[in-house]
Amino acid sequence: MEFLLLVVGLLFGTVVIVGIGERIRLPYPILMLVFSALAASLPFVPDTHIEPELILPLFLPPLLFAAAQRTSWSVFRLRWRSLVLLAVLLVVATVAAVAAVTSWLVPAVGVPLAIALGAVVAPPDPVAVEAVAGKVSMRRRLLTVLQTEGLFNDAMAIVIFQAAVSATVNHERVGWDVVPRFLVGAAGAVLLGLAMAWVVGALTRFVPNLVARSAATLVAPYAVYLLAEVVHCSGVVAVVVTAVELGRRARPQDSEERLTRSAFWEVLELLTTGIAFGLVGIEMRAVVVAEGPNLVTFIPGIAAICVTVILVRFVWMYGMYRIGGAERRERTPGTLKEVVVLTWCGMRGLATLALALALPSTLADGSPTPGRNFVVAVAVSVLVATLVLPGLTLPWLMRVLRLPYDRAAEEQAQRGLARRAERVALEALHSSPAALKLPEGRRKALARRMSSLHSILESDYAEDPEKMRRLQAVLAVMDRAQRDALDAARREMLAARNEPGNDPELVDRVLRRLDLRTVTLDR
């Protein structure tokens, strides 16, 4: 009961903190984390502890799924270099650097556990990055890179972490078998994700209930994540692939379902993010209290590792900027200012704390795990250094750097997509069988209706029932023709969503407006 009361309190707290964050223009996840850490010290707040192995399975699948719905395969094809450099190679470089620094400063920890620590603090958390960086006026190109990086880097870090923990517990060495394990796990996860997307697509065609079809998208990420973990594949990759493939399989006629699903996931993402960061804040305070005076002796190592994590990311981003050469303006990062912003957005979060708390407290022989307290303390400190401080100062940094937000370019791209949708809708209207049955005047009126997207209903027919029936018959044909045209427009936008160079989120805005128009017409 106490845990249930805590969850309900966090839900209400999320709603309040979102309002406060909007008023003071600060990211609500950061405020939620700080608020929950402070609230945990109040005497009436129950001393609740959630099992570490449940944190990732409970919160990561829905939050990853929500973030992955805003991207597409075309983005991965376009950003594959950034994906490999940031989600794989940067994680490996960070693990190596942190392990080296840890082994040098705290040799008692041991190499395997030092590698595990590197895996804990290496991946920027997709939930944290999306929740914080997505709330400021940042260039779409930079935000897309951060989102893409966050969707896959957890997979690499988790594989390294599991191998290092196994070596620590069994007094073994970490070998190069991590690489084939990662590749095999990722390949298997891709197949599982594609299969789950097919299953969900078949269910949505079979189940007529709109709410049930939307609920299937909530069950899917949990199901595919747990299934991937059972068969020793990457649950992170499986969830991302499921979400992206479902987006690719979207049908033009599913207007109302898309609107319902969009609203459903917006609410779910907000509340889940609030609960997740709230529990992280409570766990942070619990860790600090548990470590007590030992934290003072950890300070030199903690400071060195925090600096290492940030410095490695800065050097890596700067190297990507220099490698861009003459074409670097088209690459990411393209300027030194973008290097600073992308470095500052390397925010750790839920995954870092969950992996740290998942470290076993004893080895295979029953002896205590040496250095576990140090690993947990470092994880909490890195989380504060890379999430709380950058999250609170990111709006200020954007203003200081004067990195212009390409709002004009975004609006131009959105207008182009809207014109493209309207052009295809009008072309489909001219060839629609239903429209050809209409008189010339009605066809022109319907064309104007499609161009302006507003109703042309006339109220002066309401007093004559016979005229009203005739008008309704004509309008029914016009509605069928309009639906044909809007279906063509949505089909074009769904195709545009998977084309390289188009921002899926901008396409979704146009698609959402088309869906709203169709649902309004149907009702």
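Just the heavy atoms: all of them, side chains too, but no hydrogens, waters or symmetry mates, feed the values below. Note that the structure is a prediction, hence the values are computed from the model and not measured.
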Can you give the donor-acceptor pairs under 3.5 Å from side chains of residues 375-386 to other protein atoms, not counting sequence neighbours?
unit_1 : atom_1 : unit_2 : atom_2 : d
Ser381 : OG     : Ala377 : O      : 2.9
Thr386 : OG1    : Arg348 : N      : 3.2
Thr386 : OG1    : Val382 : O      : 2.6

Mind listing the side-chain donor-acceptor pairs of residues 299-320 below 3.5 Å, one per line with the distance, residues two or more places apart or on another chain?
unit_1 : atom_1 : unit_2 : atom_2 : d
Thr308 : OG1    : Ala304 : O      : 2.7
Arg313 : NE     : Leu342 : O      : 2.8
Arg313 : NH1    : Glu149 : OE2    : 2.9
Arg313 : NH2    : Glu149 : OE1    : 3.1
Arg313 : NH2    : Leu342 : O      : 3.1
Trp316 : NE1    : Leu85  : O      : 3.1

For residues 94-120, run the donor-acceptor check on the side chains, cut-off 3.5 Å, and write out each pair with its distance to 0.1 Å, sequence neighbours left out.
unit_1 : atom_1 : unit_2 : atom_2 : d
Thr94  : OG1    : Leu90  : O      : 2.8
Thr102 : OG1    : Val98  : O      : 2.7
Ser103 : OG     : Ala99  : O      : 2.9

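Residues that satisfy the salt bridge (Lys or Arg N to Asp or Glu O under 4.0 Å) test with Glu269, not counting sequence neighbours, are Arg70. A search for side-chain contact (heavy atoms from CB on, under 4.5 Å) contacts involving Ala186 returns nothing, not counting sequence neighbours. For Glu266, there are no side chain to side chain donor-acceptor pair (under 3.5 Å) partners, not counting sequence neighbours. Under the salt bridge (Lys or Arg N to Asp or Glu O under 4.0 Å) criterion, Arg205 pairs with no residue at all, not counting sequence neighbours. Annotation: side chain to side chain donor-acceptor pair (under 3.5 Å) contacts of Thr352 (sequence neighbours excluded): none. For the salt bridge (Lys or Arg N to Asp or Glu O under 4.0 Å) test, no residue two or more places apart in sequence or in another chain qualifies with Glu229. Applying the side chain to side chain donor-acceptor pair (under 3.5 Å) rule to Ser262 yields no partners; only residues at least two apart in sequence or on another chain are considered. Every residue two or more places apart in sequence or in another chain that forms a side-chain contact (heavy atoms from CB on, under 4.5 Å) with Thr272 is listed here: Phe59, Pro62, Leu63, Leu268. By the side chain to side chain donor-acceptor pair (under 3.5 Å) test, Trp265 pairs with Thr217, sequence neighbours left out.
For Gly21 against Leu31, the heavy-atom pair with the smallest separation is CA-CD1, 3.7 Å. In plain terms, the two heavy atoms of Gly278 and Ser36 that are nearest each other are O-OG, 3.0 Å. Residues Pro57 and Tyr225 share a closest heavy-atom pair of CA-CE2, 3.8 Å.
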Going through the checks in order, is the side chain to side chain contact (heavy atoms under 4.5 Å, CB included) test met by Ser234 and Ile158? CA-CA 8 Å; Ser234 172; Ile158 289 173; over 6 Å; no
Go through it in stages, so that I can follow the logic: the residues are Met347 and Leu394, the test is side chain to side chain contact (heavy atoms under 4.5 Å, CB included), and I'd like the CA-CA distance, side-chain angles, deciding distance and then a yes or no. CA-CA 11 Å; Met347 302 169 188; Leu394 184 60; 4.1 Å; yes
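Inter-residue side-chain proximity for Arg248 and Trp73 is flagged as met; some heavy-atom pair is nearer than 4.5 Å. Side chains of Arg497 and Asn502 form no contact here, defined as non-hydrogen atoms less than 4.5 Å apart. Residues Thr343 and Val339 form a side-chain contact, since some pair of their non-hydrogen atoms from C-beta on lies under 4.5 Å apart. Using a 4.5 Å heavy-atom threshold, the side chains of Glu245 and Trp198 count as separate. Considering only heavy atoms from C-beta on, Val231 comes within 4.5 Å of Leu192 through its side chain. Counting heavy atoms from C-beta on, the side chains of Phe65 and Leu246 come closer than 4.5 Å. Looking at heavy atoms from C-beta onward, Arg261 lies in side-chain contact with Ser214 at the 4.5 angstrom threshold. Counting only heavy atoms from C-beta outward, the side chains of Val18 and Met32 never approach each other to under 4.5 Å.
For the pair Thr204 (side chain) and Gly201 (backbone), a donor-acceptor distance under 3.5 Å is present. A donor-acceptor pair under 3.5 Å is formed between the side chain of Asn153 and the backbone N or O of Pro124.
Taking CG of Leu86 as the start and CZ of Arg81 as the end, the distance is 13.0 Å to the nearest 0.5 Å. In this structure, CG in Asp503 is found 9.0 Å from OG in Ser74, a value given to the nearest 0.5 Å. Summarising the geometry, atom CG belonging to Leu89 is positioned 10.0 Å from atom CG belonging to Leu83; distances are rounded to the nearest 0.5 Å. Between Thr242 atom OG1 and Met196 atom CE the span is 6.5 Å, to the nearest 0.5 Å. Atom CD of Gln162 sits about 8.5 Å away from atom CG of Leu355, to the nearest 0.5 Å.
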